[in-house]
Amino acid sequence: CISLSRVTMFNHVEKIEYCAFYYSGLKTLSLPRSIKEMEAMAFSECYELKSVTLQDGFSALGGIAFASCPNLETINLPNSLNSIGGGCFNNCEKLTIHHPKKYWLQFDGQALLRKEEPTGLISVLSKASSDHYDLPEGIESINGLSFFETDFKEVYLSESIKTIKAQAFYNCPRLEI
């Protein structure tokens with residue numbers, strides 16, 4: 001539905017399932033308060049999407065839910081959010097994340113990190129501003145799909161890494177091991 005540029009949802013919709021709006025032409029997205037969760041790839045590859053607002057009460061964002069939305073500039077995440085899937089914002093180079101619950105989430109301009117125990121990498125936003133990415137010290141795990149379709153040639157893992165989850169480096173054609 002590349003020609004779909006606008007959608008109106010009513011307050012009885014509670015969940016957006018896998019690939020529901022994949023590769024659509026949506027430009028902005030403001031979900032009603034009734035939506036509590038979004039599954040994987042729900043809005044992946046929406047090339048025209050520029051802004052997203054999730055309402056208070058929204059709790060779970062699936063893996064690669066907004067991956068490869070290159071024009072996504074801003075997303076407002078609510079206090080109620082308590083789960084973000086791996087690779088959720090991969091390849092969203094222009095994205096600024098607004099999140100009032102900063103004590104468990106950190107955005108360093110290039111990656112979204114979980115600061116709460118266990119600390120972990122959630123999503124790398126850019127394909128590559130350089131050929132390499134240095135994982136910050138103190139990060140203990142790399143979520144699945146965290147580097148999904150990134151274009152890094154090298155990734156430097158810190159000594160604090162204990163776990164690398166399934167498909168963490170899925171479809172990374174330039175990565176040398």
Side-chain angles (χ1 to χ4, degrees), residues 1-9 13 15-115 120-136 143 145-152 170-172:
C1 291
I2 194 68
S3 61
L4 178 66
S5 62
R6 183 177 170 198
V7 66
T8 302
M9 290 185 213
V13 178
K15 180 179 183 181
I16 298 175
E17 293 193 359
Y18 176 80
C19 288
F21 292 94
Y22 174 82
Y23 197 66
S24 73
L26 290 175
K27 296 181 188 323
T28 61
L29 180 64
S30 183
L31 298 176
R33 288 192 188 281
S34 61
I35 305 250
K36 304 296 182 218
E37 65 180 290
M38 182 183 302
E39 289 185 353
M41 296 180 67
F43 293 92
S44 289
E45 297 191 34
C46 290
Y47 297 108
E48 302 301 317
L49 189 60
K50 291 188 183 244
S51 69
V52 175
T53 299
L54 303 175
Q55 305 296 329
D56 199 38
F58 187 89
S59 63
L61 199 49
I64 57 175
F66 291 98
S68 299
C69 294
N71 291 307
L72 185 57
E73 296 173 356
T74 184
I75 186 162
N76 294 300
L77 303 176
N79 269 331
S80 55
L81 184 68
N82 57 35
S83 173
I84 300 176
C88 191
F89 304 110
N90 284 27
N91 304 321
C92 297
E93 294 94 351
K94 299 177 182 178
L95 184 61
T96 299
I97 298 170
H98 301 282
H99 192 293
K101 195 175 185 180
K102 293 184 189 287
Y103 68 87
W104 73 275
L105 206 56
Q106 176 184 341
F107 174 57
D108 70 4
Q110 189 172 24
L112 188 62
L113 308 167
R114 180 179 179 83
K115 297 192 308 183
L121 178 69
I122 297 172
S123 182
V124 177
L125 275 57
S126 60
K127 283 197 175 239
S129 56
S130 67
D131 278 342
H132 73 276
Y133 177 77
D134 296 325
L135 196 65
N143 282 14
L145 301 170
S146 289
F147 285 91
F148 175 72
E149 292 186 349
T150 56
D151 210 20
F152 297 108
Y170 182 73
N171 201 17
C172 298

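From a predicted model like this one, the values you see are computed outputs, not experimental measurements.
Counting only heavy atoms from C-beta outward, the side chains of Met38 and Leu31 approach each other to under 4.5 Å. Residues Glu73 and Thr96 have side chains not in contact (no heavy-atom distance under 4.5 Å, counting atoms from C-beta outward).
For the residue pair Ala65 and Glu39, the shortest heavy atom distance occurs at CB-O, 4.1 Å. In plain terms, the two heavy atoms of Ile84 and Leu112 that are nearest each other are CD1-CD2, 4.1 Å. For the residue pair Asp134 and His132, the shortest heavy atom distance occurs at OD1-CD2, 3.4 Å. In terms of heavy-atom proximity, Ser68 sits nearest to Pro70 at O-CD, 3.2 Å. The two residues Cys69 and Cys92 have their closest heavy-atom pair at O-SG, 3.7 Å. Taking every heavy atom of both residues into account, Gly86 and Leu145 meet most closely at O-CB, 3.8 Å.
Remark: the backbone N or O of Val13 is paired with a side-chain donor or acceptor of Ser34 at under 3.5 angstrom. Without hydrogens or angle criteria, Ser80 side chain to Phe58 main chain gives a donor-acceptor distance under 3.5 Å. A donor-acceptor pair under 3.5 Å links the side-chain atoms of Ser59 to the main chain of Lys36, judged by distance alone.
How far CD of Glu17 is from CE of Met41: 14.5 Å, rounded to the nearest 0.5 Å. Note that the CG atom of Asn79 and the NE2 atom of His99 stand 7.0 Å from one another [nearest 0.5 Å]. In this structure, Ser51 OG and Leu26 CG are separated by 11.0 Å, a value rounded to the nearest 0.5 Å. Distance SG/Cys172 to OH/Tyr170: 10.5 Å, rounded to 0.5 Å. With rounding to the nearest 0.5 angstrom, the CD atom of Gln55 is 5.0 Å from the OG atom of Ser30. Leu72 CG to Asn91 CG: the interatomic distance, rounded to the nearest 0.5 Å, is 12.0 Å.
Using cut-offs of 30° and 60° for the angle between ring planes, the Phe147 and Tyr133 rings count as perpendicular.
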Side chain to side chain contact (heavy atoms under 4.5 Å, CB included) between Leu121 and Leu135, worked out:
CA-CA 8 Å; Leu121 178 69; Leu135 196 65; 3.7 Å; yes
Stepwise, does the side chain to side chain contact (heavy atoms under 4.5 Å, CB included) test hold for Ile16 with Met9?
CA-CA 11 Å; Ile16 298 175; Met9 290 185 213; 3.9 Å; yes
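Not counting sequence neighbours, Glu45 has no partner by the salt bridge (charged side-chain N to carboxylate O under 4.0 Å, His left out) test.
For the side-chain hydrogen bond (donor to acceptor under 3.5 Å, both in side chains) with Asn90, the lone residue among Ser123, Ser44, Ser146 that qualifies is Ser123. Looking at Tyr47, Phe43, Phe21 one by one, the single match for ring-ring contact (aromatic ring centres under 6.0 Å, His included) with Phe66 turns out to be Phe43.
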